[in-house]
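Okay, so here's the structure we're looking at.
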Amino acid sequence: MLTDVPLHTPEFFAGNPYPAFREMRAGARVWWNDVTKFWALVRYDDIRFVSSNPALFSSAKGIIIPEVDGEELIQPENLIFTDPPRHRQLRKLISAGFTPRQVALLADEITKIVTGIFDEIDTTREYNFAEDIAAPLPTRLIADMLGAPSTDWEQFRHWSDAIVALNDPDIEQDPLEAMAELYEYFLKLINLRREGVSTGKTDLLAILAAAEVDGLKLTDDDLLAFSFLLLVAGNETTRNLLAFGMLNLIENPDQFALLRSDHSLIPSAIEEMLRYNSPVAHMARTATADVEVGGQLIKEGDRVAMLYGAANRDEDVFGDDAEEFIITRDPNPHIAFGYGEHMCLGAQLARLEARIFFEQFLTRFSDISLVGDITRLRATMVPGVKKMPVRLKAGA
Ligand code: HEM
């Protein structure tokens with residue numbers, strides 16, 4: 001029965017939630033989950049309304065669906081957990097590191113990392129696309145942006161996995177322990193930067209340490225919180241955009257052939273990948289007053305989850321073919337990066353990473369095929385791809 005949709009479980013999101021989303025959109029606009037007590041929003045307009053009203057829907061009390069045994073790692077001064085006016089101050093300062101110019105400067109580094117990954121591929125063997133090919137790009141890039149030596153890249157990935165996959169049985173390290181180790185590591189990087197030790201590259205921490213808006217500067221604690229956010233927010237998300245995106249192409253050979261025949265379609269294909277399998281399954285808010293959403297009264301203090309994957313297939317916005325993967329879709333106003341106040345700060349960077357990745361892929365490999373089952377990550381927020389066994393064939 002629809003009232004029993006197990007929206008509080010990682011298994012629901014890591015399975016195929018789309019048939020349930022479709023039924024939910026056709027039924028009540030707003031759904032109550034009685035197990036861990038929250039409202040679920042599945043319609044595009046309702047999610048945009050909530051995201052655009054931070055005064056009524058706060059991020060400060062948590063942004064994740066409560067899980068039965070889960071803990072939420074809330075860090076009060078972290079950008080993503082703050083509300084206006086503090087959020088606006090922090091965001092203005094941090095935006096200094098994400099201007100179009102700063103993002104464009106990273107293109108060479110991204111190309112270098114992607115080239116390195118593809119150069120090492122041996123087409124006679126099998127790869128886990130998610131772990132071996134997609135994951136290294138965002139992790140290495142963020143580690144590099146923060147000035148970490150490349151010898152530490154693997155360790156970065158390990159910490160990040162442990163923190164995001166709170167309930168995944170395959171991840172062995174305790175998330176709180178991983179967080180503590182990561183904080184210590186970031187503090188070392190920040191101290192080096194404060195001492196004037198430069199990495200000689202686009203140095204995000206140095207830019208942020210120097211940023212000043214209305215006489216305000218970021219403290220060491222702000223930098224620490226932000227470094228942590230960057231790793232968690234920019235890493236798993238981008239990895240899954242690449243993995244799901246490739247899966248969408250493999251499962252839709254006509255669309256794959258179209259993209260091969262016209263590489264100028266890569267940017268619009270990426271928008272469709274973001275819409276079709278939105279890497280972030282949900283973000284949550286807490287109502288600060290009694291308020292009506294989609295005809296439902298939400299009481300002050302109630303938790304509300306915005307299910308982006310459901311909104312991005314809303315027939316009222318994307319039409320009768322909303323359930324189809326169409327790389328030429330236009331317009332494509334998906335909200336995979338969120339909307340309004342907290343809209344993803346790394347959206348342009350993620351798009352650039354994906355563009356360079358698929359451009360290079362299409363010029364180097366003539367085929368890719370799935371050679372085994374996909375294993376998903378147990379998580380309610382970024383229920384990504386853990387195993388995706390593939391074989392590749394060289395050639396354009
Ligand atoms: C495909 C890749 C990505 C997706 C789908 C994604 C998705 C999102 C979403 C949905 C939010 C909104 C949070 C909310 O409303 O509470 C968000 C926020 C954020 N994202 Fe991303 N993200 C991606 C990549 C990145 C990257 C590459 C970075 C940075 C390197 C990044 C940094 C951030 C930050 C800093 C925020 C917080 C913004 C704020 O609170 O004002 N993201 N992201």
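In listed order, ligands and their atoms are each counted from 1.
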Please classify the [X] to ligand 1 contact at 4.0 Å (heavy-atom distances, strictly less than): side chain, backbone, both or neither.
X      : value
Arg91  : side chain
Met145 : neither
Leu241 : side chain
Tyr339 : neither

Plane angle bin for Phe13 and Phe21 - parallel if under 30°, tilted between 30 and 60°, otherwise perpendicular: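 Tilted.
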
Mutual orientation of the aromatic rings belonging to Phe357 and Phe361 [parallel < 30°, tilted 30-60°, perpendicular > 60°]: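 Plane angle under 30°, so parallel.
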
Heteroatoms of the protein, restricted to N/O/S, which lie under 2.8 Å from atom 21 (Fe) of ligand 1: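 Cys344 SG, with waters left out.
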
Lys/Arg cation over aromatic Tyr339: Arg48, 6.0 Å, 45° cone: yes

Tyr18 six-ring centre to Arg313 NZ/CZ under 6.0 Å and within 45° of normal: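 Arg313 over Tyr18 ring: yes.
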
Backbone or side-chain N or O of Thr238 under 3.5 Å from ligand 1 N or O: no

Min N/O separation His342 to ligand 1 under 3.5 Å: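 For ligand 1, there is an N or O atom that lies under 3.5 Å from one belonging to His342.
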
Between Glu181 and Trp159: side-chain donor-acceptor atoms closer than 3.5 Å: yes

Residues that Ser278 engages under side-chain hydrogen bond (donor to acceptor under 3.5 Å, both in side chains), provided they are two or more places apart: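 Expected list: Asn312.
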
Thr219: side-chain hydrogen bond (donor to acceptor under 3.5 Å, both in side chains) partners, not counting sequence neighbours: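 Residues passing side-chain hydrogen bond (donor to acceptor under 3.5 Å, both in side chains) with Thr219: Asp222.
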
Sub-4.0 Å atoms of ligand 1 with respect to non-hydrogen atoms of [X]:
X      : value
Leu349 : 30 (C)
Leu229 : 35 (C)
Leu230 : 29 (C), 30 (C)
His87  : 39 (C), 40 (O), 41 (O)
Ala336 : 5 (C), 7 (C), 10 (C)

From Met306, Glu341, Arg285 - option closest to atom 14 (C) of ligand 1 by heavy atom: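 Looking at heavy atoms only, Arg285 sits closest to atom 14 (C) of ligand 1.
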
Flag if over 12 foreign heavy atoms under 6.0 Å of CG, Asp321: yes

Neighbour count above 12 (heavy atom, 6.0 Å) for Asp122 CG: yes

Cationic N near anionic O, under 4.0 Å, Glu109 to Arg140: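 Salt bridge absent between Glu109 and Arg140.
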
Check: Phe38 ring centroid to Trp32 ring centroid under 6.0 Å: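 Between Trp32 and Phe38, which both carry aromatic rings, the centre distance is not below 6.0 Å.
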
ring-ring contact (aromatic ring centres under 6.0 Å, His included) contacts in which one or both residues fall within residues 275-332, not counting sequence neighbours: Tyr44-Phe318, Tyr276-Phe325

Phe81 near ligand 1 by a heavy-atom separation under 4.0 Å: no

